[in-house]
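Computed from a predicted structure; not experimentally measured. Worth knowing before you read on, the calculation uses all heavy atoms, side chains too, and leaves out hydrogens, waters and symmetry mates.
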Amino acid sequence: MAQAAHKIPHTVAYTFTHVIKRDEQLKTFDIDRIEQAIYKAFLETGEAGMAEAQLVAHAVGDQLEIEAATSGGENYTPHVEHVQDLVET
């Protein structure tokens with residue numbers, strides 16, 4: 001049985017607001033969606049839990065924010081593949 005997930009609030013407001021999906025459509029950037037995807041992967045593999053998923057997701061969000069700051073701020077729009085690459089590294 002899966003453990004109850006305890007959410008750690010993340011209060012960073014990102015300057016970028018969207019990601020580009022694989023079909024080239026814009027989608028609102030949602031850190032919670034990234035957390036949930038990582039959490040599901042962790043549950044399947046038994047690697048870790050929600051706290052670790054949140055740490056990874058927030059590290060990815062922070063890295064994207066650094067990239068946004070150096071390449072256009074609110075005009076920065078990462079591709080979802082790039083987000084996935086950051087999660088996997």
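The side-chain hydrogen bond (donor to acceptor under 3.5 Å, both in side chains) test applied to Thr28 returns no partner, not counting sequence neighbours. Remark: Asp30 pairs with Asp32, Arg33 by the side chain to side chain contact (heavy atoms under 4.5 Å, CB included) rule, at least two apart or across chains. Checked against ring-ring contact (aromatic ring centres under 6.0 Å, His included), Phe42 has no partners two or more places apart in sequence or in another chain. Judged as a side-chain hydrogen bond (donor to acceptor under 3.5 Å, both in side chains), and not counting sequence neighbours, Glu52 has no contacts. Taking His79 as the reference, nothing meets the side-chain hydrogen bond (donor to acceptor under 3.5 Å, both in side chains) condition, with sequence neighbours excluded.
In terms of heavy-atom proximity, Ile34 sits nearest to Val87 at CG2-CG2, 4.3 Å. The shortest non-hydrogen separation linking Pro78 to Leu64 is CB-CD2, 3.9 Å. Residue Tyr14 comes nearest to His58 through the heavy atom pair OH-O, 4.2 Å, listed as atom of the first residue, atom of the second, then distance.
Membership of an apolar cluster is not assigned to Ile66, as no side-chain contact below 4.5 Å to another ILVMFWY residue is traced. Applying the under-4.5 Å side-chain rule to Ile, Leu, Val, Met, Phe, Trp and Tyr, the cluster around Leu26 extends to Ile20.
Going from atom CG of Asn75 over to atom NE2 of His18 covers 12.0 Å, rounded to the nearest 0.5 Å. One distance of note links CG of Leu86 with CD of Glu67; it measures 5.5 Å at 0.5 Å rounding. With values rounded to the nearest 0.5 angstrom, Gln84 atom CD is found 11.0 Å from Thr89 atom OG1. A distance of 9.5 Å separates OH in Tyr76 from CZ in Phe29, rounded to the nearest 0.5 Å.
Residues Val60 and Glu35 have side chains not in contact (no heavy-atom distance under 4.5 Å, counting atoms from C-beta outward).
Each salt bridge (charged side-chain N to carboxylate O under 4.0 Å, His left out) pair with one or both residues in residues 77-89, not counting sequence neighbours, appears once here: Arg22-Glu81.
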